[in-house]
Amino acid sequence: MDCKRYIAEKLNIDGFDAGTVAGYIETPPDTTLGDYALPCFFLAKILRNSPVKIAENLKSVFVTDEVITECNAVGGYLNFKINRRGFAKNLLSEIAEKGARYGSADFGAGKTICIDYSSINIAKPFHIGHLSTTVIGSALCKIFRFLGYKVVGINHLGDYGTQFGKLIVAYKLWSDREKVIKGRLKELTRIYVKFHEEAKSNPALEDDARRYFHLIEQGDKESNELFDLFKKITLEEVDKIYKMLNVTFDSYAGESFYNDKMAPVVEELKEKNLLTVSDGASIVDLEEYGMPPCLILKSDGSSLYATRDIAAAIYRKNTYDFDKCLYVVAYQQNLHFKQFFKVIELMGKPWAKDLIHVAYGMVSLESGSMSTREGKVVLLEDVINKTVEKAYKVIEEKNPALKDKDKVARAVGTGAVIFGALSNNKIKDIVFSYDRVLSFEGETCPYVQYTITRCFSVLKKAGATGKVQEFTVPEMCESEYAVISELGKFPNVVKSAAEKYEPSFVTRYAIDLAQAFSKFYIDCKIACEDENLRNFRLAITDAVKTVLINALTLLGIDYVEEM
Ligand code: ARG
């Protein structure tokens with residue numbers, strides 16, 4: 001049961017829907033005044049009264065019941081006390097009953113949401129810069145699915161552009177099929193870097209590259225075979241990483257997919273008098289909106305990144321009829337998204353408002369470390385492997401007798417990488433630190449995973465795995481109730497994470513719940529003598545296990561039963 005919602009519905013405030021009011025209801029850290037509080041300040045403007053008066057008026061008509069046992073107005077706040085025992089009973093049976101579905105909802109039913117994420121570039125190394133878009137996008141897919149939406153995860157591959165002409169030139173000069181198949185992405189990076197070095201003293205290489213790129217576009221067989229080989233190798237390499245991170249896609253339609261879908265778009269822009277020619281290039285003038293022009297065609301008639309994105313958005317609308325289309329892309333591309341969203345609006349598409357740039361900050365490594373071997377880039381695969389290795393060492397130290405050390409190290413290592421990237425508000429730039437993400441103390445993934453193993457071990461020792469025994473809820477101490485209160489928040493956390501496109505709400509929540517459990521674990525003897533009390537505390541433990549697993553699953557992180 002969602003107490004906030006329940007209170008909001010009971011209040012039934014004129015002009016405000018229950019969802020909005022529920023969103024304002026807080027759970028005060030100090031519960032002596034109440035278990036829930038509604039600050040009435042946001043109501044003042046519309047209800048044209050002071051928050052103090054509003055709180056008093058609302059109190060005077062509020063009728064308490066078996067769930068909400070007290071309502072008091074204190075200085076612009078409405079404080080509520082609930083029947084904690086009744087709440088705990090309902091909540092624990094709800095969690096036991098729903099299990100892996102606890103926290104899910106169906107308000108997305110019938111709605112489709114496209115999520116463009118990861119969107120890597122072919123033949124370029126998959127580096128640490130792609131971590132955020134990959135894990136944020138993947139978590140959003142899982143969160144929206146959990147809420148009943150139909151989700152289309154799209155990897156908008158960067159598989160178009162003169163760099164492919166360069167690669168073909170470089171391949172012909174300094175590599176061959178065998179070398180590429182053996183050396184894979186590293187070989188492709190090597191020849192790409194070499195091309196740029198050589199082109200400095202030999203600019204004719206650039207002309208060759210442009211020629212080959214045109215050949216690809218014109219459907220030349222040999223050039224396209226090479227291009228397909230580069231693409232295949234890149235996708236096989238990144239697929240290994242996607243597997244490690246539990247990331248999947250429904251579509252790999254990348255930039256080149258729109259080669260034959262742009263002409264009608266350019267036509268439409270012309271018809272709607274949106275195109276102007278400037279220095280031979282075709283642009284959409286956006287001066288009126290305080291932005292530089294959006295480039296549609298270069299003077300040689302070739303298309304640009306924005307042209308492809310406009311065609312892609314229209315294609316997605318026609319194909320999936322999305323309610324929303326999200327683009328999980330670094331904030332460095334803010335202007336690009338603003339520009340092409342504007343162009344779509346100017347084309348008269350009412351759904352332009354449903355295109356959303358979910359911007360995030362950059363991930364970098366602590367200075368110096370790791371960056372030498374690969375030149376400037378730090379490969380994501382190396383970061384994951386190194387984290388898994390470190391996790392393995394920690395396990396060797398702390399629990400050498402553990403079974404399945406490899407599996408545990410993988411879950412802990414990759415979990416640490418994912419959780420680390422999702423721990424901050426997404427717009428912040430973050431510095432990735434191996435030691436920090438792997439710490440068993442503090443606000444880290446291993447801490448959450450460790451808490452889960454603790455739950456498993458308590459339940460196993462008590463012979464209580466599988467089913468929750470009967471109990472009546474006793475008078476609770478603060479640390480017991482604190483866990484109950486956290487458990488009850490989960491459905492709302494998932495919902496807010498979706499509304500704000502902020503998976504970090506889920507990581508934050510997992511930490512809060514794990515911490516509440518740790519306090520409970522220290523303060524209360526779970527496997528105590530009193531049978532009723534023991535069953536109650538085991539039911540709490542079982543619920544914590546379920547909810548922590550649900551939270552990690554939404555983030556694409558595995559758990560283990562022992563570590
Ligand atoms: N491949 C691009 C890059 O690495 C990101 C593409 C994002 N998606 C999009 N529809 N523009 O910068």
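As the structure lists them, so they are numbered: ligands from 1, and atoms in each ligand from 1. In what follows, residues are counted from 1 in the order of the sequence shown.
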Worksheet, complete the sentence: Closest to atom 2 (C) of ligand 1 (heavy atoms only, candidates Gly158, Ser119, Ser118) is Ser119

Item to complete: Using a strict cut-off of 4.0 Å, indicate which atoms of ligand 1 neighbour a heavy atom of Tyr327.
Response: 10 (N)

Worksheet item: Looking only at N/O atoms, are Asp309 and ligand 1 under 3.5 Å apart anywhere?
Response: yes

Worksheet, complete the sentence: Note: Asp309 and His336 closest approach over all heavy atoms is OD2-NE2, 2.7 Å

Worksheet item: Which bit of Gln333 is near ligand 1, meaning a heavy atom under 4.0 Å away: side chain, backbone, both or neither?
Response: side chain

Worksheet entry | Top protein contact for atom 8 (N) of ligand 1, by heavy-atom distance | Asp116 OD1, 3.2 Å

Worksheet item: If we ignore angles and hydrogens, is there a donor and acceptor under 3.5 Å between the side chains of Asn550 and Arg101?
Response: no

Item to complete: Could you verify whether a donor N or O on one side chain and an acceptor N or O on the other, from Asn155 and Ser118, lie under 3.5 Å apart?
Response: no

Worksheet entry | Per-residue contact class, Leu157 against ligand 1 - non-hydrogen pairs under 4.0 Å | neither

Practice prompt. Among all protein heavy atoms, pick the one closest to atom 4 (O) of ligand 1 and tell me residue, atom and distance.
Written response: Asn121 ND2, 3.1 Å

Discussion item. Less than 6.0 angstrom from the centroid, inside 45 degrees of the normal: does Lys342 satisfy that with respect to the ring of Tyr289?
Written reply: yes

Discussion item. Going by the rule side chain to side chain donor-acceptor pair (under 3.5 Å), which residues pair with Arg184 if we only count those two or more places apart in sequence or in a different chain?
Written reply: Glu236, Glu237

Discussion item. Distance under 4.0 Å to a non-hydrogen atom of Tyr305: what atoms of ligand 1 satisfy this?
Written reply: 2 (C), 5 (C), 6 (C), 7 (C), 9 (C), 11 (N)

Discussion item. Could you work out, with side chain to side chain donor-acceptor pair (under 3.5 Å) as the rule, every residue matching Lys150, not counting sequence neighbours?
Written reply: none

